[in-house]
Amino acid sequence: MPTNSPQLWLVKSEPDAFSWQDLVDSKGKRTHWDGIRNYQVRNFMRDDIKKGDLLLYYHSNAKPPGVVGIAEVVKESYPDHTQFDPKEKKFDPKSKQDSPTWLMFDLKAKRKLKKFVPLQDLKDNDKLAEMLVVQKGQRLSIQPVEQKDWDEVLRMGGL
DNA sequence: GCCAACGTTGGC
DNA sequence: GCCAACGTTGGC
């Protein structure tokens, strides 16, 4: 059952590595979401993430952690070049040029939340009890988000 | 800085 | 195929 509506996701980024502001400062230019080395996340990129999908941009390992803004997928997944470069920290000697193991996609900043929504507020909101990001031990750097949870987070963020 | 949760690796 | 050891994530 195909649908025209974009899929919804949450992506985690450490602000020390690449913050929301860094994404904004790229001036809508495509930014590579590279360095993902987790098979479950790779499969999301390979199978599900489409151009036009929307993403909650979440700051992890931040003080405090939480959702900052909304980003948009501008290019669907393609091979992550860092896996082939021995100088890269994310170099993967097992990955072959003709069948790359790892993928990345491109995104741009779309809209900042009026209010930052800290993780603690997500946890305190009973409506979001099933949202993945509030689950203990949830480490996926890309997570699918339900429409109802998406709407609730945006409401909390003043949009 | 600590450590729980979880994924990956490798010996057997 | 099992599972201990190890590495990483990420909240606190």
Side-chain angles (χ1 to χ4, degrees), chain A residues 7-26 31-49 53-73 77-110 112-146 148-158:
Chain A
Q7 291 213 74
L8 305 173
W9 306 92
L10 178 144
V11 294
K12 295 181 188 173
S13 184
E14 302 197 12
D16 288 346
F18 199 81
S19 70
W20 170 259
Q21 194 56 47
D22 292 332
L23 188 64
V24 170
D25 290 345
S26 70
T31 303
H32 307 313
W33 196 264
D34 64 13
I36 300 286
R37 297 293 183 267
N38 172 288
Y39 285 103
Q40 220 176 326
V41 173
R42 190 277 312 269
N43 294 345
F44 282 144
M45 292 194 281
R46 185 188 61 197
D47 303 332
D48 298 315
I49 292 184
D53 282 2
L54 299 174
L55 317 142
L56 292 174
Y57 202 92
Y58 175 91
H59 279 171
S60 61
N61 248 324
K63 293 178 270 216
V67 179
V68 189
I70 301 170
E72 180 179 354
V73 177
S77 63
Y78 58 105
D80 178 342
H81 55 85
T82 63
Q83 69 197 302
F84 300 123
D85 184 350
K87 294 192 293 295
E88 284 280 348
K89 193 177 167 214
K90 299 288 187 132
F91 175 60
D92 182 353
K94 295 199 295 289
S95 186
K96 303 284 187 307
Q97 285 278 355
D98 54 0
S99 67
T101 308
W102 305 113
L103 302 172
M104 62 183 184
F105 65 97
D106 295 353
L107 74 170
K108 68 175 183 189
K110 186 174 175 69
K112 190 177 185 182
L113 297 185
K114 289 205 178 98
K115 269 188 321 190
F116 173 76
V117 180
L119 176 61
Q120 191 58 55
D121 288 5
L122 299 177
K123 287 183 169 176
D124 290 344
N125 187 335
D126 291 341
K127 289 182 190 162
L128 300 177
E130 286 171 24
M131 200 177 175
L132 289 174
V133 73
V134 306
Q135 311 291 326
K136 193 173 181 183
Q138 179 53 263
R139 307 191 311 174
L140 290 182
S141 53
I142 302 179
Q143 308 174 351
V145 175
E146 301 283 329
K148 68 178 172 58
D149 294 341
W150 176 276
D151 292 343
E152 181 65 10
V153 172
L154 261 51
R155 191 191 62 75
M156 294 167 80

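Here is the naming used below: chain letters follow the sequence lines, and residue numbers restart at 1 for every chain. For clarity, every value in this text was computed on a predicted model and none was experimentally measured. Reckoned from all heavy atoms, side chains included, excluding hydrogens, waters and symmetry mates.
For A:Gln135, the CD atom counts as densely surrounded, since its 6.0 Å shell holds more than 12 non-hydrogen atoms of other residues, nucleotides or ligands. Counting heavy-atom neighbours within 6.0 Å of A:Asp98 CG, excluding the residue itself, gives a total above 12. More than 12 heavy atoms of other residues, nucleotides or ligands sit less than 6.0 Å from atom CD of A:Gln21.
The footprint of chain A on DNA chain B, defined by a heavy-atom cutoff below 4.0 Å, extends from B:dA5 to B:dT9.
Looking at which nucleotide of DNA chain B each of A:Asn61 and A:Asn38 is closest to, the 5′-most match is held by A:Asn61. Nucleotides of DNA chain B nearest to A:Lys94 and A:Arg139 differ in position, and the one nearer the 5' end is that of A:Arg139. If A:Lys90 and A:Lys123 are placed on DNA chain C by their nearest nucleotide, the residue sitting closer to the 5' end is A:Lys90.
In the model, A:Arg139 has no side-chain atom that pairs as donor or acceptor with a side-chain atom of A:Ser60 under 3.5 Å.
Between A:Lys87 and A:Asp85 there is a salt bridge, since a side-chain N of the basic residue sits under 4.0 Å from a carboxylate O of the acidic one.
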